[in-house]
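Quick note: residue numbers are just sequence positions, from 1.
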Amino acid sequence: MPGRQYAEGIEKVSTNTTRTKRPRSDLDKSIDLGLDQFGRFIRRAWWWIALTIFAIWFFTSGVTIAGLDGGTALSGIIQITFAICYILIQFVALFWFLARPRLYWVMPGETGVTFDDYKGNPEVLEAARRIVALLRGVKEFQEMGGNPVRGLLLSGPPGTGKSYLAQCMSTEAGVPFAYASAASFRAMFMGIDVLMISNLYRKARRLAREYGGCVIFMDEVDAIGGSRGNNGGGMGMMGMMGGMMGGGTGGLNQLLMEMDPPNIETGWFKKILRTLGLYHGRAQHQPVLTIGATNIPDSLDRALLRPGRFDRQINVAPPTDKYRPEVIEYYLNKVDHEDNISLTALSARLVEYTPVAIKHVINEAVIIAHFAGRTKVTYKDLTEAQDVHEYGLRQISELTEIERRRLAYHEAGHTVASYYLMDRFFPAYVTIHMRGDVEGAAAFAHPRPKETVITQNREDILARIQVSLASRAAEELFLNTKLNGVAGDFASATGLAARYIGVFGMDNTIASYLAFGEGGAGGATAIPHFADRVEALLQSQLNAVKQLFIEHSEAVIAVSEALIEKDELVAEEIKELIDNADARQASKGIFKELTPLLEAGSGWNGNGHGNGNGNGSHNNGHGRAGESIASPPFNNMSLNINVDGVHLPPQTYTDNLDL
């Protein structure tokens with residue numbers, strides 16, 4: 001029996017040991033952790049509990065301590081509390097007024113724009129769709145072990161649709177959207193910017209808990225997120241004053257912390273439960289997506305650009321030639337317009353236009369059509385609206401007859417030269433009057449690209465030089481004079497010629513003067529005979545454009561005379577004038593070649609009299625009757641130039657560069 005009892009005792013001890021070694025369940029851990037937290041709360045706040053019990057006993061028992069009863073003490077406490085609240089209310093009102101950023105909250109469904117309304121950048125749109133998909137299914141994504149995207153930086157030129165894309169993202173995700181101007185966080189007094197950013201993200205997290213997510217869009221985020229190494233906020237007197245008056249980097253530091261916060265609980269109810277030891281789960285990050293937009297991403301602080309804050313960076317560029325027509329069609333369909341408007345032709349005119357600029361031009365066309373008494377927008381309204389957008393309002397100049405003629409032939413030279421020489425451009429507009437946005441130009445001609453131009457070969461550069469020098473060529477050939485209005489043209493041509501030789505290596509010189517300094521002024525002397533070669537190139541291109549005008553003199557005269565009469569010409573009028581002039585000049589050439597044959601067939605004798613019946617007529621080839629300007633003395637002109645020792649581009653050069 002004793003042996004059996006001993007064995008049973010050993011078995012019981014072994015069973016208890018096994019039970020104590022068994023791992024505890026999650027419920028046991030939760031109970032133990034809650035008791036520990038509650039115990040810590042009691043140890044830290046026992047005197048608050050005792051003071052509360054004493055106050056309840058004092059005010060309800062009616063006892064008197066040192067001649068002070070409960071009612072008198074309560075009245076004094078109320079008065080002191082009222083005075084404190086009165087002072088606090090003033091401070092709170094002041095800080096509330098100062099801590100109001102330029103902030104607009106848009107709840108789900110209020111923006112009315114979706115991804116279907118975003119046109120022109122399908123690659124950017126696809127990246128935005130993925131971020132929205134993660135924002136919608138953040139729970140499933142986190143269950144896979146992934147972390148939601150916290151920041152998206154949109155960079156690009158103004159007007160490319162960065163804020164518009166952010167609104168589309170918030171609508172598609174079905175979450176609240178906050179539009180904030182980053183510049184409004186720059187407050188007058190120190191600490192206000194920190195308070196504004198903290199309040200913004202506190203509300204965003206509250207809405208994220210309610211709607212499942214929230215989007216904060218900060219426009220021009222560089223106003224608050226600029227690099228801390230460039231603001232000069234030192235420890236000197238100026239640095240101290242800058243911090244006191246709202247400068248410093250407090251706002252940026254707060255933004256950095258809010259975009260990548262620590263694992264803390266932000267809900268007030270759970271904070272109370274944690275304090276009482278009744279809740280001890282893991283703090284959850286609310287899915288708040290911060291979208292920043294800037295035109296100068298290089299100026300942002302590096303801490304903002306690291307992963308975990310602005311996780312994604314998307315460059316939003318103007319629509320390309322392929323997708324620009326769909327942007328034009330989208331905005332054009334919002335207004336009443338004629339059906340015969342060519343999207344291809346309109347897209348060729350609006351190269352490098354942003355969606356906002358396209359929208360503005362179409363709206364300007366509606367204004368023009370309305371005041372013209374039309375109910376639909378025409379193609380001419382759109383071209384006129386583009387001219388107003390680019391050049392400003394027309395300013396009619398009171399010009400004398402001689403000034404009109406000089407300006408007309410000067411600008412006609414540019415126009416005709418660009419028509420024949422610049423294949424990827426077209427002469428869109430020419431005027432002899434000033435426009436509001438073209439400062440310093442009494443008259444101007446403007447060629448527009450037919451497509452997006454990225455690269456240029458040597459023929460393109462030479463064509464641009466010739467177009468710049470075409471004004472002087474027209475003056476010498478058709479006016480027999482030299483005017484002072486070519487200063488800017490000569491500067492542009494000289495700069496192109498210098499880069500042609502000393503930068504682009506198109507004159508068999510590989511050395512670049514840019515390697516000798518930012519401006520390259522000192523490096524030009526390192527290139528042999530640089531100034532002489534630039535001058536020789538300019539002279540050769542001036543002679544080339546003169547030869548062009550000799551061959552197409554009718555076109556120059558036609559454009560000039562029409563410009564004198566109408567003051568300005570648009571693309572369609574320019575093309576019609578030049579084509580008709582070329583047709584007339586070609587017919588004259590053909591007639592000149594056929595004249596000897598006609599004379600032989602009609603029986604002309606040696607004394608110049610014909611043997612016919614005299615009823616026929618003979619064209620003397622002197623042009624139209626009443627023409628206001630005579631043809632220049634082309635036969636007496638010498639276009640030779642001494643170019644010894646200078647490498648000029650061969651006339652038979654062909655571009656074999658395979659891009």
Side-chain angles (χ1 to χ4, degrees), residues 118-121 156-164 295 316-321 323-338 340-397 411 414-415 418 422 424-453 563 566-575:
Y118 189 82
K119 307 292 183 180
N121 273 311
T160 50
K162 297 182 288 293
S163 59
Y164 195 76
N295 303 324
V316 185
T320 60
D321 298 339
Y323 300 108
R324 192 182 310 110
E326 73 176 23
V327 179
I328 297 173
E329 183 180 14
Y330 174 77
Y331 287 111
L332 199 59
N333 288 336
K334 292 180 177 293
V335 301
D336 293 332
H337 64 279
E338 292 185 347
N340 59 352
I341 295 178
S342 173
L343 292 179
T344 304
L346 198 57
S347 177
R349 293 184 63 94
L350 300 177
V351 174
E352 297 180 356
Y353 267 53
T354 64
V356 172
I358 293 173
K359 179 182 179 182
H360 173 75
V361 168
I362 294 176
N363 186 70
E364 187 69 27
V366 175
I367 296 174
I368 294 172
H370 173 73
F371 283 99
R374 293 187 298 273
T375 58
K376 291 186 177 182
V377 173
T378 64
Y379 183 80
K380 186 177 180 181
D381 295 331
L382 293 167
T383 59
E384 186 176 349
Q386 184 185 15
D387 293 339
V388 173
H389 171 67
E390 292 191 9
Y391 314 133
L393 297 177
R394 184 186 297 104
Q395 300 177 359
I396 303 300
S397 305
E411 300 303 336
H414 291 308
T415 304
S418 64
M422 303 178 72
R424 304 170 73 184
F425 291 76
F426 68 98
Y429 182 77
V430 58
T431 180
I432 58 174
H433 291 297
M434 293 186 293
R435 299 294 291 251
D437 293 346
V438 185
E439 298 180 359
F444 66 93
H446 182 213
R448 287 196 180 100
K450 301 176 183 177
E451 58 190 9
T452 302
V453 178
L563 200 53
K566 298 182 178 181
D567 294 340
E568 62 182 15
L569 299 172
V570 296
E572 292 75 13
E573 296 171 329
I574 295 170
K575 186 178 186 306

From [X] atom [atom1] to [Y] atom [atom2], the distance as rounded to the nearest 0.5 Å:
X: L569; Y: L563; atom1: CG; atom2: CG; value: 5.0 Å
X: E568; Y: E411; atom1: CD; atom2: CD; value: 13.0 Å
X: T160; Y: N295; atom1: OG1; atom2: CG; value: 7.5 Å
X: R374; Y: D336; atom1: CZ; atom2: CG; value: 13.0 Å
X: F426; Y: I574; atom1: CZ; atom2: CD1; value: 9.5 Å

Quick check against the 3.5 Å criterion: does [X] have a side-chain atom that pairs as donor or acceptor with the backbone of [Y]?
X: D321; Y: T452; value: yes
X: H433; Y: T431; value: no
X: E573; Y: V570; value: yes
X: K162; Y: P157; value: yes

Inset, instruction - Show your working on side-chain contact (heavy atoms from CB on, under 4.5 Å) between V453 and F425 and close with a plain yes or no. - result: CA-CA 9 Å; V453 178; F425 291 76; 4.1 Å; yes

Shortest non-hydrogen contact from [X] to [Y]?
X: V430; Y: A445; answer: CG2-CB, 3.8 Å
X: A385; Y: A365; answer: CB-N, 3.5 Å
X: Y323; Y: E326; answer: O-CG, 3.0 Å

Inset, instruction - Take K380 and D387, measure what salt bridge (charged side-chain N to carboxylate O under 4.0 Å, His left out) needs, and give me the verdict at the end. - result: CA-CA 11 Å; K380 186 177 180 181; D387 293 339; over 6 Å; no

Taking C-beta and beyond as the side chain, do [X] and [Y] meet within less than 4.5 Å on heavy atoms?
X: I341; Y: T378; answer: no
X: Y391; Y: H446; answer: yes
X: E338; Y: Y379; answer: no
X: L332; Y: L343; answer: yes
X: N121; Y: V316; answer: yes
X: V361; Y: Y331; answer: no

Inset, instruction - Take atom NZ of K450 as the centre, draw a 6.0 Å sphere, and report whether it contains more than 12 heavy atoms from other residues, nucleotides or ligands. - result: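 Correct, the count exceeds 12.
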
Legend entry - Selection residues 357-369 - residue pairs positive for side-chain hydrogen bond (donor to acceptor under 3.5 Å, both in side chains), sequence neighbours left out: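 Non-adjacent pairs meeting side-chain hydrogen bond (donor to acceptor under 3.5 Å, both in side chains): zero.
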
Taking only distance into account, with no hydrogens and no angle test, what donor-acceptor pairs under 3.5 Å do side-chain atoms of residues 344-352 form with protein atoms, sequence neighbours excluded?
from, atom 1, to, atom 2, distance (Å)
S347, OG, R324, NH1, 3.1
R349, NE, Q386, OE1, 3.0
R349, NH2, Q386, OE1, 3.3

